[in-house]
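Whatever order the structure lists them in is the order used to number ligands and atoms, beginning at 1. Hydrogens, waters and symmetry mates play no part in the numbers below; they use all other heavy atoms, side chains included.
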Amino acid sequence: MNSIYSVGITGMGSYVPEKIVSNDDLSKIMDTSDEWINTRTGIRERRIADKDIATSDLCTEAALKAIKDANIDSKDIDLILIATVTSDMAFPSTACIVQKNIGADNAAAFDISVGCSGFLYGLAIGSNFIATGAYKTVLVIGSEVLSKILDWEDRSTCVLFGDGAGACVLQRCEDGKGILSYDLGADGANGHFLTQPAGGSRMPASHETVEKRLHYVHMDGGEVFKFAVRAMEKASLKALEKANIGLEDIDYLIPHQANIRIIKSSAKRLKVPKEKVYVNLDKYGNMSSASIPIALDEAYHKGLIKKDDTVLLVAFGAGLTWASVVLKWVK
Ligand code: UT7
């Protein structure tokens with residue numbers, strides 16, 4: 001990055017709802033099976049938020065943990081960025097709600113809508129504010145309550161997703177460490193493969209949109225699958241090239257957790273051995289923008305990622321979008 005300051009992750013935290021829903025639980029309410037879900041996706045169970053819980057509630061829990069881990073005060077935060085496609089409401093932004101919840105009175109706040117690539121877009125945006133010297137402390141959160149926008153009568157989508165939140169604190173770090181590079185991209189021409197069609201200005205909520213089930217996730221899984229495998233490889237190689245390092249220098253690969261077959265195929269194309277790939281989608285399913293920060297938080301708190309390790313984060317998602325980040329761990 002062309003920057004004045006290097007920027008690293010100085011605190012991490014995550015939160016998932018307590019309620020576990022297994023594949024067997026789902027097979028009792030719809031025509032599916034543990035065998036189908038597990039062999040096609042690698043998912044065994046997912047967390048589902050209670051009825052009265054919204055995305056900002058999960059964000060708040062994860063944010064408080066990240067703030068503690070970074071050993072800062074909420075008042076030190078200059079900017080809150082929340083990546084989500086399940087904001088509490090159309091406006092105000094979820095970031096403004098979280099700003100109030102955590103008492104970050106000095107922070108600017110806004111949401112970013114980039115689907116599952118959102119947390120990595122957030123790292124890129126947030127780090128630039130610090131790299132230029134404009135801000136010192138940025139809180140980046142990826143959080144979703146996807147269970148509220150899933151069509152529980154569509155077995156081809158509802159079994160895939162789960163709820164959760166992951167947060168990190170970005171601050172200046174030692175020169176040459178922290179975020180070394182990123183690659184962001186979009187293919188808007190193919191955005192129709194993954195949408196929530198109604199509820200916006202194109203198709204405002206009406207009796208008809210509700211009856212036609214247009215407020216739920218609509219996805220062409222096969223098309224998204226093909227895009228994912230190509231995008232993950234391309235984005236990874238681009239970020240590595242920008243950081244001027246090779247795949248052999250990677251200590252850990254944390255890919256978006258959508259489908260074990262996508263993860264395995266991407267790791268194989270990149271020739272990253274499976275011991276270096278972090279996988280937790282068996283426990284949580286696809287949590288969209290929350291998947292990568294939760295996986296990163298787990299890998300770090302389990303001691304798998306250590307100071308000075310080089311980590312590659314890579315995602316694809318609605319938009320369609322992709323994103324990758326290479327970082328040298330600073331904690
Ligand atoms: O974060 C980005 C979000 N999206 C993704 O990452 C999705 C990427 N795509 C995928 O992960 C895969 O395409 C899926 C897991 C969604 C689907 O796997 P697939 O191997 O492409 O299966 P398919 O769509 O070809 O479906 C095969 C069959 C169909 O039956 P027929 O038409 O062959 O008789 C489906 O009706 O499996 C059936 N099916 C199910 N059966 C049992 C679809 N969903 C289910 C289900 N349980 N839950």
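For K264, there are no salt bridge (charged side-chain N to carboxylate O under 4.0 Å, His left out) partners, not counting sequence neighbours. Partners of E208 by salt bridge (charged side-chain N to carboxylate O under 4.0 Å, His left out), not counting sequence neighbours, listed by chain and number: K212.
With V277 as reference, I263 is the one residue of L270, I250, I263 to meet the side-chain contact (heavy atoms from CB on, under 4.5 Å) rule.
Of all the atoms in ligand 1, the ones that sit under 4.0 Å from a non-hydrogen atom of S156 are 44 (N). Annotation for ligand 1: atoms under 4.0 Å from non-hydrogen atoms of H256 are 1 (O). Ligand-side atoms of ligand 1 in range of V224: 4 (N), 5 (C), range being under 4.0 angstrom from any heavy atom. Those atoms of ligand 1 that come under 4.0 Å of a heavy atom in V159, given as number and element, are 48 (N). Close contacts between ligand 1 and G222 involve ligand atoms 13 (O) [criterion: under 4.0 Å to a heavy atom].
Distances from atom 34 (O) of ligand 1 to the protein include no heavy-atom value under 4.0 Å. At a distance under 4.0 Å, a protein heavy atom can be found next to atom 22 (O) of ligand 1. There is a protein heavy atom closer than 4.0 angstrom to atom 2 (C) of ligand 1. In this structure, atom 14 (C) of ligand 1 is not in close contact with the protein, since no protein heavy atom lies within 4.0 Å of it.
Taken together through direct or relayed side-chain contacts under 4.5 Å among Ile, Leu, Val, Met, Phe, Trp and Tyr, M30 and Y216 form parts of separate hydrophobic clusters.
At a threshold of 4.0 Å, the pair K75-D105 counts as salt-bridged, since one of the basic side-chain nitrogens sits closer than that to a carboxylate oxygen. By the 4.0 Å N-to-carboxylate-O rule, D50 lies too far from K19 to be salt-bridged with it. In summary, K226 and E223 engage in a salt bridge, as defined by a charged side-chain N under 4.0 Å from a carboxylate O. Residues D31 and R155 are paired through a salt bridge, judged by an N-O separation under 4.0 Å between the basic side chain and the carboxylate.
Here's the thing with G221: one of its N/O atoms is less than 3.5 angstrom from an N/O atom of ligand 1. Remark: ligand 1 and T41 share no N or O pair separated by less than 3.5 Å (distance only, no angle test). Of the N or O atoms in S33, none lie within a sub-3.5 Å distance of an N or O in ligand 1.
Nearest protein heavy-atom neighbour of atom 29 (C) of ligand 1: R155 NH2, 4.9 Å. In this structure, the protein non-hydrogen atom closest to atom 4 (N) of ligand 1 is M219 SD, 3.1 Å. Counting only heavy atoms of the protein, atom 11 (O) of ligand 1 lies nearest to N259 ND2, 2.7 Å. Protein heavy atom nearest atom 6 (O) of ligand 1, with residue, atom name and distance: A258 CB, 3.2 Å. What sits closest to atom 47 (N) of ligand 1 on the protein, heavy atoms only, is T32 OG1, 2.7 Å. The shortest contact between atom 16 (C) of ligand 1 and any protein heavy atom is with L160 CD1, 3.8 Å. The nearest protein atom to atom 40 (C) of ligand 1, hydrogens excluded, is given as W36 CE2, 3.3 Å; this is a heavy-atom distance. The protein heavy-atom contact nearest to atom 27 (C) of ligand 1 is R40 NH1, 3.4 Å.
In N286, the part holding a heavy atom less than 4.0 Å from any atom of ligand 1 is the side chain. Of the heavy atoms in R261, only side-chain atoms (C-beta onward) come closer than 4.0 Å to ligand 1.
S289 places a side-chain N or O within 3.5 Å of a backbone atom of S143 that can act as its donor or acceptor partner. With K331 contributing its side chain and D69 its backbone, the two residues share a donor-acceptor pair below 3.5 Å.
Remark: R44 CZ is loosely packed, at most 12 non-hydrogen atoms of other residues, nucleotides or ligands lying under 6.0 Å away.
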Quick one: do T310 and D249 satisfy side-chain hydrogen bond (donor to acceptor under 3.5 Å, both in side chains)? Show the steps, please. CA-CA 7 Å; T310 305; D249 300 313; over 6 Å; no

Where do Q171 and T137 land on the side-chain hydrogen bond (donor to acceptor under 3.5 Å, both in side chains) test, with the steps shown first? CA-CA 5 Å; Q171 291 179 304; T137 304; 3.1 Å; yes

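Closest non-hydrogen pair, L170 versus S127, comes out as CD1-N, 3.7 Å.
Nearest to atom 12 (C) of ligand 1 by heavy atom, out of F193, F161, F225, is F225.
Not a single heavy atom of S288 sits less than 4.0 Å from an atom of ligand 1.
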